[in-house]
Engineer: 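Structure incoming, see below.
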Amino acid sequence: MRLILLFAVFALLGLALETANFHLISFRPLLPNLIVILAVDLGFRHHSITAALTAFSIGYATDAFAGSHPGLNAFMITLIYVVCYEISSRLLVTNAFVGATVVFFGVILTALGAIAISAGIEAVGQSGGIMPTLMLQAGISAILAPFMFSILARCKRAIGLSVAPARE
Amino acid sequence: MRGSFLWRNRVLLTAGMLLLLSAHLISTGVHPGDLASRPQSIFLEMLRPIDGALARISGGAQSIVNSYLELVHVREDNQRLRAELAKVTNDRARLAELEVENQHLGELVELRDVLGLKGVAANVIGSDAIGLSHTLILSSGTSDGLHAGMAVLSNQGVVGKIIATSPHASRVLLIDDHNSALDGFDQRSRTRGIVAGLVDDGLILKYVDRSQDLRAGDTIVTSGLDGIFPRGLLVGTVKSVHREGPGLFLSIGITPGVDFRSLEQVLVVTQQPPHLEEKTKG
């Protein structure tokens, strides 16, 4: 329950960042994708049905408030959770660098996956124009990911949750 | 149960079902809002203050950035405006100066019309550098028709006469120079005398008989008999009359009507006074 509440708060923050009308940062790719960072953290550190449901809920909430296609973000965020879950189950070390790398590719794959699902696979091949901004957002998200992991870890410690990587 | 396949893979299986659910949502095209309009409205209400706060923070940050940028621009604008202000102040002073100059020239033209003589207005561009002789330098010379011996006047009265010229400048001997002399008379008593300068500042009226009735405050004007200055121009006022002491003549001090130190424009009379012509003819 504490995990759900914690991630609900951060997801709300992430959604607020997605939907807020920023005056200062008019270039939206400069905003990090907090939703992907949360999914990565869940996949790396929380191997439970609750965590999977939380990841799905975060994606579903994104669809509800910031998405255009129902189920799209729910699918992609759950997929990221599964990928991170699998990576952390197989790797001996899942440090911040690995997390940042996964966030980087996670942001790109989420966007490309969303394009592929909503507009078809052929649309991915024609999406070269958005790659620079997508890479920029992925880079910024990856750079900020370790800080976000650190903040999440502190919050988890504060509410008595385990911060160690979970392996089954 | 705990060792079973289902239990060991419960997370993956759950995630798989969730993926299938997501795929179903995608394929059916049901909007999450339709499925959960009530939760959505609740979340929207929750997001609204957060979005508002973020927008305010963002707006505040933008305001700070804008303020800084404006400060940088204000500094540049300030420098530019200071330069413009200095220029405007300078122009304004120049305009005021031109206005004064225009007024002086207007008065000189009026004087020329009153005299009915031809004349040239000239700017005073210098004075005697040493201070032993009382002279002025004018900005006009022979190219403007000026020659030595011409009378120099101002709207206050007699200034002096030209003693040297060059094509574009002239030197004027002031009437208060000790080498200067002109024929004048007391307007009240009609007593004639020679107005001469002193080595130190001031004028005197020379060669006035002791019996003459001159008083302090009397006005001394030009007689026109010297052939240089037209008749009736103000020379000065009698400052003092000393009857005591040796000699045949009165000692009469005169205060010049012209403040020579504040002269800026003068009128040079380029035409001889008419009475001299008549005298010459006669």
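Proteins come first, then strands; the chains are lettered A, B, ... in the order of their sequence lines, and each starts at number 1. What you see is a predicted model; the values in this text were computed from it and never measured.
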Engineer: A quick test of your reading: do over 12 heavy atoms of other residues, nucleotides or ligands sit less than 6.0 Å from CD of B:E99?
Structural biologist: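 Atom CD in B:E99 is not packed in, count stays at 12 or less.
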
Engineer: Chain B heavy atoms under 4.5 Å from A:I77: which part of the residue, side chain, backbone, both or neither?
Structural biologist: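 No part of A:I77 comes within 4.5 Å of chain B.
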
Engineer: May I ask you to check whether over 12 heavy atoms, not counting those of B:R80, lie within 6.0 Å of atom CZ?
Structural biologist: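 More than 12 within 6.0 Å, yes.
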
Engineer: Output the distance between atom CG (B:L18) and atom CG (A:L79), rounded to the nearest 0.5 Å.
Structural biologist: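 The CG atom of A:L79 is 12.0 Å from CG of B:L18, to the nearest 0.5 Å.
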
Engineer: In Å and rounded to the nearest 0.5 Å, what is the OH to CG distance from A:Y81 to B:L12?
Structural biologist: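 The distance works out to 8.5 Å.
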
Engineer: Which heavy-atom pair separates B:V11 from A:Y85 by the least distance, and what is that distance?
Structural biologist: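 Residues B:V11 and A:Y85, closest heavy atoms: CG1-CE1, 3.5 Å.
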
Engineer: Identify which one of A:I49, A:T50, A:V82 satisfies the side-chain contact (heavy atoms from CB on, under 4.5 Å) criterion when paired with B:T14.
Structural biologist: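 Among the candidates, only A:I49 passes.
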
Engineer: Write down the atom of B:S22, the atom of A:G71, and the distance for their closest heavy-atom approach.
Structural biologist: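 That closest heavy-atom pairing would be CB-O, 3.6 Å.
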
Engineer: Take B:L21 and A:F56 through the test side-chain contact (heavy atoms from CB on, under 4.5 Å) and record every step on the way to the result.
Structural biologist: CA-CA 10 Å; B:L21 177 61; A:F56 173 80; 3.5 Å; yes

